[in-house]
Amino acid sequence: MKNADIVGQRIFLSTPKIRDLEEFIALNRASVRLHRNLVSPPKHAEEFIAYLKRCRQACSVCFLIHQLEEEAIVGSINLSQISRGGFQSAYLGYFVGEPYSARGYMTEAIRLTLWYAFERLRLHRVEANVQPQNSPSLALVKRAGFKREGYSRRYLKVCGRWRDHERWAILAEDWRRPTSTFQMGSD
């Protein structure tokens, strides 16, 4: 496994590296139809470089999601705007490539990332904002134990337009520790 940070049953999460540029961009270009109006991942080298810079900020933790057997990149997941002090919170962002959608990879990636957020980072709250028409993503956060907290009009600019979002969150005390095993990588 190349630079595994967290190893699950079917996937592993790794910190993005410059060597991931070509594979990640190719996946995102192949997924334009799936991502349309929902997310705008890097599709060019300069966008990937900017993504790497964001990932290296102290207030962010970013992972690429890989298939365990083939090691192919299947998507991305991150915790951003990590706040400490009395807040102890972060925002969850994620997307999967079209060839790998609806296969359970993102369900496992969210489970592993929540473990990291609550066990390693000791956060109290993780929030995910999902566009109301994105029913697969809404099903993901529900399955992970997030609770709907509200509706935010014109909340986030995605693909050049302000878009409404449903606000979902999970608290450390509501999170269920996984019963299946996984491990932290050695890198």
Side-chain angles (χ1 to χ4, degrees), residues 2-6 11-32 34-66 71-85 87-98 100-101 105-106 108-131 134 137 140-141 144 146 152 154-163 165 167-170 184-185 187:
K2 51 184 176 186
N3 297 319
D5 291 315
I6 304 171
I11 63 164
F12 68 91
L13 306 180
S14 72
T15 305
K17 307 277 190 283
I18 192 67
R19 67 175 164 256
D20 298 312
L21 184 148
E22 287 183 23
E23 182 180 358
F24 193 54
I25 286 174
L27 175 67
N28 296 335
R29 287 180 179 171
S31 304
V32 169
L34 176 69
H35 295 159
R36 186 180 57 246
N37 298 327
L38 298 173
V39 66
S40 184
K43 291 186 275 312
H44 304 284
E46 59 276 2
E47 293 170 340
F48 183 81
I49 300 302
Y51 164 73
L52 284 181
K53 287 179 183 175
R54 285 191 308 276
C55 289
R56 291 183 179 132
Q57 295 175 351
C59 63
S60 295
V61 174
C62 302
F63 296 113
L64 295 180
I65 306 162
H66 300 260
E71 298 190 5
I73 297 172
V74 302
S76 175
I77 192 162
N78 65 72
L79 296 165
S80 65
Q81 298 179 39
I82 298 170
S83 297
R84 295 301 188 173
F87 204 39
Q88 297 297 329
S89 181
Y91 291 94
L92 179 70
Y94 52 85
F95 59 88
V96 69
E98 188 165 23
Y100 305 103
S101 66
Y105 295 127
M106 192 55 70
E108 187 174 354
I110 289 175
R111 183 176 59 86
L112 295 175
T113 303
L114 289 176
W115 172 85
Y116 189 85
F118 294 130
E119 294 290 325
R120 293 292 181 189
L121 298 179
R122 310 302 290 167
L123 295 178
H124 171 70
R125 172 188 171 87
V126 174
E127 183 174 317
N129 291 282
V130 181
Q131 291 181 51
N134 189 348
S137 192
L140 272 170
V141 294
F146 285 69
S152 301
R154 296 173 46 88
Y155 174 74
L156 186 62
K157 197 174 217 178
V158 179
C159 299
R161 290 189 47 218
W162 290 104
R163 301 188 189 273
H165 283 71
R167 193 172 56 257
W168 292 75
I170 186 168
M184 294 293 293
D187 290 346

Those residues that, when tested against E22, pass salt bridge (charged side-chain N to carboxylate O under 4.0 Å, His left out) (two or more places apart): none
S80 vs S60 side-chain heavy atoms within contact, under 4.5 Å: yes
Nearest-0.5 Å distance that lies between atom CG in N134 and atom CG in L140: 8.5 Å
Considering all heavy atoms, the nearest Y155-E127 contact: OH-OE2, 4.1 Å
Interatomic spacing from CZ in F63 to CD1 in I6 - rounded to 0.5 Å: 4.0 Å
Heavy-atom closest pair, residues Q81 and Y91: OE1-CE1, 3.5 Å
Beyond-backbone contact of F95 with L34, side-chain heavy atoms, under 4.5 angstrom: no
Distance in Å, I77 CD1 paired with E108 CD, rounded so as to fall on 0.5 Å steps: 11.0 Å
I73 backbone acceptor or donor facing E23 side chain under 3.5 Å: yes
For S31 against G97, the heavy-atom pair lying closest together: OG-CA, 3.3 Å
Distance-minimising heavy-atom pair for A90 and L123: CB-CD1, 3.7 Å
Sole residue of V126, N78, I170, V130 in side chain to side chain contact (heavy atoms under 4.5 Å, CB included) with L92: V126
Spacing of D20 atom CG and L27 atom CG [to the nearest 0.5 Å]: 11.5 Å
Separation between CG of L121 and CZ of R84, rounded to the nearest 0.5 Å: 5.5 Å
Flag side-chain contact, heavy atom, 4.5 Å: L64 against L13: no
R120 side chain near W115 side chain, heavy-atom distance below 4.5 Å: yes
H66 and F12 aromatic ring geometry - parallel, tilted or perpendicular at 30°/60° bounds: parallel
R29 (side chain) donor-acceptor with K43 (main chain) under 3.5 angstrom: yes
side-chain contact (heavy atoms from CB on, under 4.5 Å) partners of I49, counting only residues at least two apart: I18, L21, K53
Value rounded to 0.5 Å, distance of SG in C59 from CG in L79: 11.0 Å
Side-chain donor/acceptor of N28 to backbone N/O of I25, under 3.5 Å: no
Derivation of the side chain to side chain donor-acceptor pair (under 3.5 Å) call for S152 and R167: CA-CA 7 Å; S152 301; R167 193 172 56 257; 2.8 Å; yes
Any residue meeting ring pair (Phe, Tyr, Trp, His ring centres under 6.0 Å) with Y51, in chain and number order, not counting sequence neighbours: F24, F48
S137 side chain to Y94 side chain, donor-acceptor N/O pair below 3.5 angstrom: yes
